[in-house]
Amino acid sequence: MTRSSVITGMVILACCGSSWPAGLEGQSATQPVAQWNLAGLRMGFCIDFLMDSTAAIEQVRKVDESYLVVPVGQYARLNPALGALVGRRPEYAPWIPASVCIITADTVTVGDRTVTDDDPEKRPMVGFWGIAAKPADEPYADSVMAVPVMFTNDRDVTKSSSLGKLKLDKVKEDRGDSQDTPGDRFYHVRVKKADIHWTGHMAGTPAPAEPRRWTLMFKGHRSSFWMADFRLEPGEQQFVVGSLRIEGKDDLAQALKGSPIRMQGPAFWGGVGRVAFFQK
């Protein structure tokens, strides 16, 4: 089974339900080699933005040269704010959707081992930078994200014999009450050499959260190739307002700075999630 056929099966799975579609069940390529189970989702969010197609192509090729980028109009899970921008400014129609997502949980369970921390501000976090992409020979796989970097604040979440080749960057984060603007919270994370700073607060009324699902593909150690079916079922969500500041000169920082829009939120929390890993 090819990488693209496994990706297609995962996209069908993510769109249509929790069971593997007929024809894929029982095939070793579609059985996860490991899984993270996330319980007690804490404050999580995504920053959705647009990338110039040249920069996006360069990043996707670093993951897999056979993959194509997917422009705004062809991406199935486009943030409505990005679509609205392109409606007003059609010159951005060739640009490529991308996201940086941060997910924190009370616990992450890997096999029979549970990762947590007594300090709620230091609970395990996982995240990724993803760029809309698809296999060149699979025109229907329009909800995949090529991931130049996947990261965590806790190496313990990767301690599994099945995940020995999985590559996750260890990042540092900081959060707390803002000293400059009373009532606001701040959050800072350094991914590679990109510093992402946010200061703000919740706005409006919490509402039932929508499920969040991604099909990710990325490189691991020793030339391994991975895919992940990433699903979250948060309990509530709420809009956030505040300021987002990006510092740094690496590829991620330049991509975020170069976007005509950076849409953060809504934030989500409560509920559960899971990440199923597949290696090809």
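No experiment lies behind these values; they were computed from the predicted model shown.
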Peer 1: Evaluate side-chain hydrogen bond (donor to acceptor under 3.5 Å, both in side chains) for Q35 paired with N37, printing each intermediate quantity in order.
Peer 2: CA-CA 6 Å; Q35 183 167 303; N37 292 308; 2.9 Å; yes

Peer 1: Mind checking whether T152 and P124 have side chains closer than 4.5 Å, heavy atoms only?
Peer 2: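 No, every pair of side-chain atoms sits at 4.5 Å or beyond.
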
Peer 1: Please report the interatomic distance CH2(W36) to CG(L163), rounded to the nearest 0.5 Å.
Peer 2: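 Answer for the CH2-CG pair, W36 versus L163, is 7.0 Å.
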
Peer 1: Treat each ILVMFWY residue as a node, draw an edge where side-chain heavy atoms are under 4.5 Å apart, and state whether L244 and L252 are in one component.
Peer 2: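 Linked, L244 and L252 end up in one cluster.
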
Peer 1: side-chain contact (heavy atoms from CB on, under 4.5 Å) between D169 and R190: does it pass, once the steps are laid out?
Peer 2: CA-CA 10 Å; D169 279 35; R190 184 177 179 85; over 6 Å; no

Peer 1: Mark yes or no for whether R212, through its side chain, and F268, through its backbone, hold a donor-acceptor pair below 3.5 Å.
Peer 2: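 A pair under 3.5 Å: no.
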
Peer 1: As an exercise, state the distance from OG1 of T199 to NE2 of H197, rounded to the nearest 0.5 Å.
Peer 2: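 Output value for this atom pair is 9.0 Å.
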
Peer 1: Answer yes if V147 and W214 sit in the same cluster of Ile, Leu, Val, Met, Phe, Trp and Tyr residues linked by side chain heavy atoms under 4.5 Å apart, and no otherwise.
Peer 2: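 Yes, same cluster.
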
Peer 1: Give a yes or no answer on whether the side chain of K170 reaches the backbone of N153 with a donor-acceptor pair at less than 3.5 Å.
Peer 2: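 It does hold such a pair.
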
Peer 1: Does any part of the side chain of L256, heavy atoms only, come nearer than 4.5 Å to the side chain of R262, both counted from C-beta?
Peer 2: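 Contact flag for R262/L256 side chains = yes.
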
Peer 1: Mind checking whether Q254 and K249 have side chains closer than 4.5 Å, heavy atoms only?
Peer 2: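 The answer is yes, as the side chains (C-beta and beyond) meet within the 4.5 Å cut-off.
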
Peer 1: Does any part of the side chain of Q31, heavy atoms only, come nearer than 4.5 Å to the side chain of F278, both counted from C-beta?
Peer 2: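 No, every pair of side-chain atoms sits at 4.5 Å or beyond.
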
Peer 1: What's the spacing between Y75 OH and R77 CZ if we round to 0.5 Å?
Peer 2: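 Nearest 0.5 Å value for the OH-CZ distance: 6.0 Å.
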
Peer 1: Output the distance between atom CE (M263) and atom OG (S99), rounded to the nearest 0.5 Å.
Peer 2: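 Answer for the CE-OG pair, M263 versus S99, is 12.0 Å.
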
Peer 1: Starting from the C-alpha separation in whole Å, work towards a yes-or-no answer on side-chain contact (heavy atoms from CB on, under 4.5 Å) for V275 and F277.
Peer 2: CA-CA 6 Å; V275 189; F277 292 97; 3.6 Å; yes

Peer 1: Salt bridge between E233 and R213, side-chain N to carboxylate O under 4.0 Å?
Peer 2: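 So E233 pairs with R213 through a salt bridge.
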
Peer 1: May I ask whether L68 and W95 are part of the same hydrophobic cluster, defined by side-chain heavy atoms of I, L, V, M, F, W, Y residues being less than 4.5 angstrom apart, directly or through others?
Peer 2: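 Shared cluster, no.
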
Peer 1: Going by the side-chain contact (heavy atoms from CB on, under 4.5 Å) test, name the single residue among T114, V157, L38 that passes it with T109.
Peer 2: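 That would be T114.
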
Peer 1: Would you say I102 and M125 make side-chain contact, with heavy atoms under 4.5 Å?
Peer 2: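 Answer yes - side chains close enough.
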
Peer 1: Grab the two heavy atoms, one from Q238 and one from P206, that are nearest each other, plus how far apart they are.
Peer 2: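 Heavy atoms only, the tightest pair is OE1-CG, 3.3 Å.
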
Peer 1: What distance do S66 atom OG and D137 atom CG have between them, rounded to the nearest 0.5 Å?
Peer 2: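 Rounded to the nearest 0.5 Å, the OG-CG separation comes to 7.5 Å.
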
Peer 1: Parallel, tilted or perpendicular for F218 and W226, by the 30°/60° rule?
Peer 2: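 Geometry flag for W226 against F218: parallel rings.
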
Peer 1: Is it true that D106 and R123 have a side-chain N and a carboxylate O under 4.0 angstrom from each other?
Peer 2: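 Salt bridge flag = yes for R123 with D106.
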
Peer 1: First locate atom CG of D250, then atom CG of D195, and finally report the distance between them rounded to the nearest 0.5 Å.
Peer 2: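 Atom-to-atom, D250:CG and D195:CG are 9.0 Å apart.
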
Peer 1: With D251 as reference, evaluate K257, K62, K193, K192 under the salt bridge (charged side-chain N to carboxylate O under 4.0 Å, His left out) test and give the passing residue.
Peer 2: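 Among K257, K62, K193, K192, the one meeting salt bridge (charged side-chain N to carboxylate O under 4.0 Å, His left out) with D251 is K62.
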
Peer 1: Taking it one step at a time, do W198 and F45 satisfy ring pair (Phe, Tyr, Trp, His ring centres under 6.0 Å)?
Peer 2: CA-CA 11 Å; W198 177 80; F45 63 90; 7.1 Å; no

Peer 1: Do the side chains of L78 and Y92 join up, straight or via other hydrophobic residues, at under 4.5 Å, putting them in one cluster?
Peer 2: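 Shared cluster, yes.
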
Peer 1: Please report the C-alpha distance between V272 and L41 in whole Å, then the side-chain angles of each, then the deciding distance to 0.1 Å, and finally whether the side-chain contact (heavy atoms from CB on, under 4.5 Å) criterion is met.
Peer 2: CA-CA 6 Å; V272 297; L41 294 178; 5.7 Å; no

Peer 1: Check for me, please, whether V63 and I57 land in the same ILVMFWY cluster - side-chain distances under 4.5 Å, paths through other members count.
Peer 2: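 Yes, it is one cluster - the side chains of V63 and I57 are joined through contacts under 4.5 Å.
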
Peer 1: Is there a salt bridge (Lys or Arg N to Asp or Glu O under 4.0 Å) between R274 and D229? Walk through the geometry before answering.
Peer 2: CA-CA 8 Å; R274 64 98 160 164; D229 180 27; 3.2 Å; yes

Peer 1: Taking I261's backbone N and O only, do any of them form a donor-acceptor pair with S259's side chain (distance below 3.5 Å, no angle check)?
Peer 2: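 A pair under 3.5 Å: yes.
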
Peer 1: For E247, is there an ion pair with R245 - N to carboxylate O distance below 4.0 angstrom?
Peer 2: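 Salt bridge between R245 and E247, a charged N being under 4.0 Å from a carboxylate O: yes.
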
Peer 1: Between L168 and R155, is any pair of side-chain heavy atoms under 4.5 Å apart?
Peer 2: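 L168 vs R155: side chains touch.
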
Peer 1: Would you say Q279's side chain and V33's backbone share a donor-acceptor pair under 3.5 angstrom?
Peer 2: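 No, because the side chain of Q279 does not come within donor-acceptor range (under 3.5 Å) of the backbone of V33.
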
Peer 1: Is D174 salt-bridged to K172, cutoff N-O under 4.0 Å?
Peer 2: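 Between K172 and D174 there is no salt bridge, as every charged N stays at least 4.0 Å from the carboxylate O atoms.
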
Peer 1: Closer than 4.0 angstrom, basic N to acidic O: yes or no for E121 and R185?
Peer 2: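 Looking at E121 and R185, the cut-off is met.
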
Peer 1: Let me see the working for F239 and Q237 under side-chain contact (heavy atoms from CB on, under 4.5 Å), right down to the final yes or no.
Peer 2: CA-CA 7 Å; F239 289 107; Q237 66 183 36; 6.0 Å; no

Peer 1: Considering residues, nucleotides and ligands other than E65, do more than 12 of their heavy atoms fall under 6.0 Å from its CD?
Peer 2: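 No, because the 6.0 Å sphere around CD of E65 holds 12 heavy atoms or fewer from other groups.
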
Peer 1: For the ring pair F151 and W129, is the centre-to-centre distance below 6.0 Å?
Peer 2: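 No, ring centres 6.0 Å or more apart.
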
Peer 1: Determine whether T107 and V115 make a side-chain contact, defined as any pair of heavy atoms from C-beta on separated by less than 4.5 Å.
Peer 2: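 No; the side chains remain at least 4.5 Å from each other.
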
Peer 1: Looking at side-chain heavy atoms only, is the closest gap between M202 and V240 below 4.5 Å?
Peer 2: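 Yes; the side chains approach each other to less than 4.5 Å.
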
